[in-house]
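A short worksheet on the structure shown next.
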Amino acid sequence: MTENPYLVIGGTGKTGRRVIDRLTDRGLGVRIGSRSGQPAFDWNADPATWAPLLRDVTAAYLTYYPDLAFPGAAESIREFARLAVEAGVRRLVLLSGRGEEEAEVSEQGVRESGAEWTVVRSTWFAQDFNEHFLLPPVLSGVIALPTDVPEPFVDLEDVADVVVAALTEDGHQGRTYELTGPRLVTFAEAAELISAASRRPVRFERVTREECTSRMVADGVPAEEAEGLTDLFARILDGRNAHVTDDVKRVTGHEARDFRDFVRAAAATGVWK
């Protein structure tokens with residue numbers, strides 16, 4: 001498998017770029033699937049345009065933006081998996097969402113593709129607070145969501161380690177991994193930790209779904225995406241994911257990174273100033 005490039009769909013994204021860094025550090029060839037890549041890739045494009053990206057690839061990592069719970073995701077994933085197998089791709093690793101019923105439909109498309117498959121279900125990323133949609137709220141001093149149940153935030157470095165293992169090693173085929181951090185943290189507790197580490201006021205505020213959406217839009221999230229994310233938050237932040245797993249350690253051999261360690265490291269970069 002080292003003679004052919006590893007395809008990383010979403011290679012410029014939060015998990016994708018970390019996966020690429022690990023693969024290239026091992027001297028392995030990579031091909032980036034993104035709208036700015038060559039050849040370009042877009043989930044909303046004609047599937048016929050995906051063929052050049054799949055040429056000579058034997059293993060691929062799939063991420064879907066903004067989330068597998070969004071309309072059209074399952075159909076796109078199933079079609080991509082079908083075309084990938086036709087093109088000779090033997091191994092598919094899918095990033096999925098923990099506790100998302102719609103995401104499980106997308107997972108099924110990969111499982112039924114005929115490829116060796118691994119599903120990586122992730123809980124909320126710790127890096128949502130410094131690299132994604134929760135950064136503007138942190139900078140404004142108020143993290144506003146419709147609910148505040150405990151979440152076992154997982155570090156993206158751990159996610160990338162698991163994905164690379166599934167891509168490059170045997171023994172992960174037919175497995176579904178649920179990735180979490182080592183302990184539960186509420187969003188209110190997360191705000192307190194970030195506030196202490198960054199030495200600036202940050203608090204949690206519980207708001208209505210409508211207010212959550214409007215605040216995300218004000219922070220620059222496209223309206224349709226903000227509405228979809230708010231709906232997703234309202235449904236899955238109900239306690240269904242309020243438990244930890246040891247899948248990070250089982251796959252990688254090391255403990256999952258604690259949210260406190262993430263906060264200290266992120267604060268040291270100055271991102272929250």
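Heavy-atom basis, side chains included; hydrogens, waters and symmetry copies ignored.
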With rounding to the nearest 0.5 Å, note down the distance linking CG in N130 to CD1 in I194. 8.0 Å
Sort and list the pairs that fulfil salt bridge (Lys or Arg N to Asp or Glu O under 4.0 Å) and have at least one residue in residues 209-219, not counting sequence neighbours. E205-R215, R209-D231, E211-R215
Taking the six-membered ring for Trp and the single ring otherwise, decide whether the centroids of F153 and F187 are under 6.0 Å apart. yes
Hey, what do you get for CD (E107) to CD1 (I77), rounding to the nearest 0.5 Å? 10.5 Å
Establish, yes or no, whether a centroid distance under 6.0 Å links the rings of Y64 and W43. yes
Can V8 be reached from F125 by stepping across I, L, V, M, F, W or Y side chains whose heavy atoms are under 4.5 Å apart? yes
Which residues satisfy the side-chain hydrogen bond (donor to acceptor under 3.5 Å, both in side chains) test with D238, sequence neighbours excluded? R240
d(L156 CG, E131 CD) to nearest 0.5 Å is 6.0 Å
Counting neighbours of CD on E224 that are heavy atoms of other residues, nucleotides or ligands and sit closer than 6.0 Å, is the number greater than 12? no
May I ask you to check whether F70 and Y65 place their ring centers less than 6.0 Å from one another? no
So that I know where these two stand, are F233 and F133 an aromatic pair - ring centroids less than 6.0 Å apart? yes
Any donor-acceptor pair under 3.5 Å linking the side chain of S195 with the backbone of E192? no
Donor-acceptor contact below 3.5 Å, side chain R206 vs main chain P146: yes
Could you go through E75 and R78, starting from their C-alpha distance and side-chain angles, then the distance that decides it, and tell me whether this counts as salt bridge (Lys or Arg N to Asp or Glu O under 4.0 Å)? CA-CA 5 Å; E75 294 80 4; R78 180 176 290 275; over 6 Å; no
CA sep, side-chain torsions, deciding dist, call: T180, R98, side chain to side chain donor-acceptor pair (under 3.5 Å): CA-CA 9 Å; T180 75; R98 192 174 185 230; 5.5 Å; no
Apply side chain to side chain donor-acceptor pair (under 3.5 Å) to residues E112 and Q108 and explain how you reach the verdict. CA-CA 6 Å; E112 296 173 352; Q108 198 63 26; 2.9 Å; yes
Quick test of your reading of the model: are R18 and D21 salt-bridged, counting only N-O distances below 4.0 Å? no
For F41 and F80: C-alpha separation, side-chain torsions, deciding distance, then whether ring-ring contact (aromatic ring centres under 6.0 Å, His included) applies. CA-CA 11 Å; F41 175 85; F80 185 91; 5.8 Å; yes
When you check the gap from the basic side-chain N to the acidic O, do R250 and D246 get nearer than 4.0 Å? yes
Is it true that the side chains of R111 and T176 contain a donor and an acceptor less than 3.5 Å apart? yes
Quick one: list whatever passes side-chain hydrogen bond (donor to acceptor under 3.5 Å, both in side chains) with T123, sequence neighbours left out. E151
For the aromatic rings, using the six-membered ring if either is Trp, is the centroid distance between W124 and F259 under 6.0 Å? no
Go through it in stages, so that I can follow the logic: the residues are D261 and R264, the test is salt bridge (Lys or Arg N to Asp or Glu O under 4.0 Å), and I'd like the CA-CA distance, side-chain angles, deciding distance and then a yes or no. CA-CA 5 Å; D261 295 330; R264 283 194 290 267; 2.3 Å; yes
